[in-house]
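Nothing here was measured: the structure is a model prediction, and the numbers come from that model. Every chain is numbered from 1 and lettered A, B, ... according to where its sequence line falls, protein lines coming before strand lines.
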Amino acid sequence: MAIEATETRPLGKAIKRKEDPRLVRGQGRYLDDIVLPGMLYMALARSPYAHARIKEIRLDQAYQVPGVKAILTGADLEKMNLSWMPTLAGDRQMVLATGKVLFQYQEVAAVVAESRAAAEDAVQLIEIDYEPLAPVVDPYAALKADAPLLREDRDQKDNHIFHWEVGDRKATDDALASSPVVVKEFIRMPRVHPAPVEPCGCIADYQKATGKLTWYVTSQAPHAHRTVLALVSGLPEHMIHVISPDIGGGFGNKVPVYPGYVCSVVMSLQLGRPVKWVETRTENIATTNFARDYHMTAEIGATQEGIVTALKVATIADHGAFDAAADPSKFPAGLFSIVTGSYDFPVAFAEVDGVYTNKAPGGVAYRCSFRVTEASYLIERVMNTLALKLNLDPAEIRRRNFIRSEQFPYQSPLGWTYDSGNYDATLNEALKLVDYEQLRKQQAERRAGGELVGIGISTFTEIVGAGPSNTFDILGIKMFDSCEIRIHPTGKAIARLGTRHQGQGHETTFAQVIADELGMTAADVLIEEGDTDTAPYGLGTYASRSTPTAGGAAALAARRIRQKAIQIAAHLLEVSPDDVEWNGEKFAAKGLESRAVGMSEVALAAYTNLPEGMEPGLEATYYYDPPNLTFPNGAYVAMVAIDRGTGEVKVERFVAVDDCGTVINPMVVDGQVHGGLTEGFGIAFMQEIAYDEDGNNLAPNFMEYLVPTAVEAPHWETGRTVTPSPHHPIGAKGVGESPNVGSPAAFVNAVVDALSPYGVTNVEIPLFPWKVWNVLKELGLTQ
Amino acid sequence: MFPSAFEYYAPKTLDEVYGLLAQYGDEAKILAGGQSLLPMMKLRLAAPSVLIDIGSLGQLSSATETAEGLSMGALMRHKTIETSHWPHYPLLRETAPWIADPLVRNRGTIGGSLAHADPAADWGAALLALGASVQIESRDRIRHMALEEFFVDLYTTALEPQEVLTRIVIPVPATAATFARYLKLERKVGDFAVVGVAITVSLAIDGTVAQAGIGMAAMSGVPFAAHQTESLLVGRQLTPALIKEVSESASQEGDPESDRRGSAEYKRSMARVFVERGLSQILQQWESTQSA
């Protein structure tokens with residue numbers, strides 16, 4: 001049952017989301033709701049070709065459309081030295097194409113007009129002559145010596161972007177060579193898209209008189225975007241005001257900077273009027289950051305008893321036309337090195353090679369902490385193969401290899417220090433909730449009756465909360481986060497953080513954290529994020545980092561408030577500060593329980609009745625640099641039945657037990673888990689951004705790129721174990737992304753389990769019914 | 001998602017519609033429920049310069065049931081059909097809930113769907129199974145045509161530029177013991193059919209099939225009725241063996257294309273599976289009415 005925000009001691013309680021009354025009544029204020037006086041509208045002309053040289057662009061007809069104010073091309077931007085922009089991954093990306101286009105729907109020209117319709121009409125009338133070039137769609141083909149060169153702007157004359165490796169190659173090879181059992185699997189995680197319901201967009205509002213640029217933008221990281229904009233545009237940073245209004249879903253898609261953003265800023269600077277740009281659905285799906293497109297080969301060595309001895313992974317990463325990943329600077333393959341997962345591998349080695357192709361640029365971390373979904377999917381799938389090879393139950397193979405709870409803090413062979421976990425407890429809880437023994441019994445009975453029924457397990461470890469400043473930065477900026485709290489004279493508070501929620505519930509959960517520290521209620525604390533003129537600097541919300549970073553800052557800023565408050569309390573209680581105790585709700589005089597003052601009395605005194613010589617006011621700011629990441633984990637169990645007639649897979653049960661440390665709000669965690677599981681379900685069964693051989697995007701809208709609804713989504717059963725993070729101020733870990741990270745393997749392991757009696761060890765996602773049917777056909781299992 | 005500019009008319013009478021069609025010819029497009037046309041315009045796949053919204057022609061939004069059959073106005077919305085009760089025509093109520101999603105069903109019309117002639121649309125398959133015909137009107141004439149002849153090709157009908165589809169007429173079934181199923185494979189709710197199969201069977205007292213209709217969606221460039229398969233059923237007792245035989249036959253009709261929704265082989269197989277499942281359910285339903 002949900003609890004009202006006026007509840008005291010709110011931490012850990014299912015407080016109703018404070019943002020919901022606004023959002024569910026349609027009273028949210030999203031980017032496209034904002035209309036400014038004198039605002040102009042921008043639309044982009046895009047390439048129909050995946051790879052082509054631009055011969056000529058003619059604008060005269062487009063300029064004839066009534067209401068057109070200006071048209072921008074790559075040639076115009078070149079004169080301003082703005083035709084290319086840096087990506088967060090250290091590559092660069094064309095803003096408007098010059099020379100040639102490198103992917104279908106690439107931005108070629110920008111039209112600004114008095115109405116969006118006029119801008120669209122003019123876009124249609126821009127005449128562009130292209131000379132089509134041979135497209136490269138397949139990343140393996142792109143690496144061949146005779147492949148057409150895509151990026152002529154680089155000194156390096158091939159399509160290889162980067163090689164990254166971690167671990168001990170030789171020791172791993174040796175261990176594999178001497179292992180009695182080795183399994184190897186090629187696992188492809190296809191290109192998908194975060195597909196937030198609200199596409200990306202912005203309004204650039206440059207006031208010539210003041211020299212100030214106000215930039216409303218769908219941004220998960222408004223402070224970082226302000227800095228990037230200052231660096232790219234040359235505008236002084238204090239004259240850029242970024243406002244990230246309500247966001248209709250981000251999932252990593254709203255972390256990068258997109259060409260449309262830059263064009264609208266340039267246009268507003270030139271025209272001195274607000275310029276709005278909002279993507280269409282197709283523009284969002286076909287051009288903004290995709291995810292995955294990892295082509296992975298893994299080998300696991302093991303003893304006959306199934307104890308793992310080594311893990312070796314080789315990956316081709318298809319980044320499309322530009323490496324526009326939004327990874328921390330030192331991590332071109334993100335945190336893929338979490339690939340040893342929940343298992344105690346004595347030795348491991350992983351390498352990733354990035355490749356350019358004629359596809360949309362990326363890839364972003366879609367609801368995962370930088371390539372963690374790819375890593376988790378891989379290890380959870382290949383551990384399944386190992387279990388099959390040794391004829392061990394998938395739960396048993398995991399138990400035999402789990403990092404044991406007494407091993408924490410655990411040093412992984414690929415360089416991470418896992419903070420905490422109790423993997424056996426989490427798995428046992430999941431098996432108990434699903435009644436695993438009974439389920440296996442049912443499966444055997446139904447199999448005997450000719451049904452194709454499978455049970456899949458995934459016991460993943462996430463790595464979230466980037467991150468400690470010694471390791472993590474984006475464009476040099478350390479990945480701390482921040483919170484500033486102001487207590488008003490009447491005992492109410494406003495708190496601002498450097499993060500920017502997009503549905504995660506920060507307005508409630510951070511209020512709970514602060515209120516709990518200060519003896520207030522969540523109703524008494526207003527959370528504000530997304531305005532760079534008011535909020536302290538922070539790196540934003542993605543990678544499940546808000547609670548591990550800004551959540552820590554919130555607790556520690558509140559404790560700073562308390563430090564001062566205790567002085568004031570002592571003054572009010574007429575005792576020495578040493579004789580004042582915080583009892584969790586109030587400041588009490590030691591030994592005199594009845595003499596106590598709460599935060600409202602202290603707050604009033606901070607403005608009206610201070611101890612001699614004390615600075616008035618009651619405010620604190622904390623910039624929290626986490627000492628380590630947090631490592632949430634989970635155990636998921638799926639049961640599926642395959643329709644032998646149609647190839648449809650029905651998910652009959654799905655139990656998700658998550659351990660995200662201290663739970664701030666169980667209802668919000670459940671909501672996050674339900675959403676992420678539904679996305680994981682879409683990834684496993686419904687979604688792929690596929691391209692044909694000419695580089696045409698085959699899923700550029702919601703008719704072809706399928707997003708699951710409540711109708712398709714299975715019934716989710718959730719549970720929890722709680723292993724607090726030892727280093728986080730309240731013991732919390734991130735959780736928003738765990739279900740997306742952990743669930744795809746559970747679904748696929750279940751499908752493989754259903755087919756494993758027939759020799760199947762791997763099936764490639766997405767598991768469209770026809771694909772499953774093809775497998776059944778091959779095995780002679782169709783109805 | 002921003003259509004090209006267009007002029008909009010909302011005539012109150014068919015005469016006014018004819019006048020506008022005469023005036024604008026090819027430039028004009030008739031707007032019924034708008035659930036296909038408007039998305040196409042927003043994607044600029046269609047850019048008519050004139051829209052004639054026939055939504056105000058009230059006489060086209062109701063149905064009349066007589067001893068001969070059911071006559072439905074072309075503007076009847078899917079939702080209305082979904083919630084209407086015509087016991088002689090169970091296939092209508094079986095099919096309607098499968099169309100797109102509730103938002104589309106609230107606005108979309110049966111006539112608009114037929115005139116759009118999407119080979120994967122659900123009404124085409126269902127109404128062909130029911131042996132429906134259409135009434136087409138223009139200033140000069142009213143003509144009736146079997147629905148089969150109305151569907152000419154992919155997104156192409158027998159409608160002349162000056163004509164309006166006004167009614168859909170379904171003949172009364174041969175017996176009162178009429179059973180129906182609509183089976184549809186879709187990738188998610190709201191999707192067009194990967195394969196859709198509409199089945200209606202009227203049984204005589206002794207359980208022999210008096211009349212059978214099988215319509216198919218997405219199995220060819222136009223929706224079609226599987227006549228060969230229908231004829232295998234008529235006059236015979238509905239049994240599991242017969243069902244097996246006709247489902248094999250059904251999979252051989254049509255000419256599906258291989259695409260992202262599956263291979264031609266897969267789609268043929270789905271037609272077989274659906275005919276078998278649909279008829280088996282009907283058999284079961286009939287048997288339960290017999291024992292009751």
Trainee: Are there donor-acceptor pairs under 3.5 Å across chain B and chain A? List atom names and distances.
Mentor:
| unit_1 | atom_1 | unit_2 | atom_2 | d |
| --- | --- | --- | --- | --- |
| B:R44 | NH1 | A:D121 | OD1 | 3.0 |
| B:R44 | NH1 | A:Q124 | OE1 | 2.7 |
| B:R44 | NH2 | A:D121 | OD1 | 2.8 |
| B:R187 | NH1 | A:E704 | OE1 | 3.1 |
| B:R187 | NH2 | A:M703 | O | 2.9 |
| B:K188 | NZ | A:V707 | O | 2.4 |
| B:V189 | N | A:E712 | OE2 | 2.5 |
| B:R260 | O | A:W770 | NE1 | 3.1 |
| B:R260 | NH1 | A:L698 | O | 3.4 |
| B:R260 | NH1 | A:E704 | OE1 | 3.4 |
| B:E265 | OE2 | A:K777 | NZ | 2.7 |
| B:Y266 | OH | A:T646 | O | 2.6 |
| B:R272 | NH1 | A:Q783 | O | 3.3 |
| B:R272 | NH2 | A:Q783 | O | 3.0 |
| B:R277 | NH1 | A:D643 | OD2 | 2.9 |
| B:R277 | NH2 | A:D643 | OD1 | 2.6 |
| B:R277 | NH2 | A:D643 | OD2 | 3.4 |
| B:R277 | NH2 | A:Q783 | OE1 | 2.8 |

Trainee: Not counting sequence neighbours, which residues clear side-chain hydrogen bond (donor to acceptor under 3.5 Å, both in side chains) with B:T229? List them please.
Mentor: B:S249, B:E253
Trainee: Please identify each residue that fulfils side chain to side chain contact (heavy atoms under 4.5 Å, CB included) with B:A125, with sequence neighbours left out.
Mentor: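 B:A125 satisfies side chain to side chain contact (heavy atoms under 4.5 Å, CB included) with B:Y182, B:A198, B:A217 only.
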Trainee: Looking at B:Q228, I want to see if its CD is surrounded by more than 12 non-hydrogen atoms of other residues, nucleotides or ligands under 6.0 Å.
Mentor: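 Not buried by this count: 12 neighbours or fewer within 6.0 Å.
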Trainee: Who pairs with B:F2 by ring pair (Phe, Tyr, Trp, His ring centres under 6.0 Å), at least two apart in sequence or on another chain?
Mentor: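 Residues passing ring pair (Phe, Tyr, Trp, His ring centres under 6.0 Å) with B:F2: none at all.
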Trainee: Taking side chain as everything from C-beta outward and backbone as N, CA, C, O, which of these in A:M703 sits under 4.5 Å from a heavy atom of chain B? Side chain, backbone, both or neither.
Mentor: both
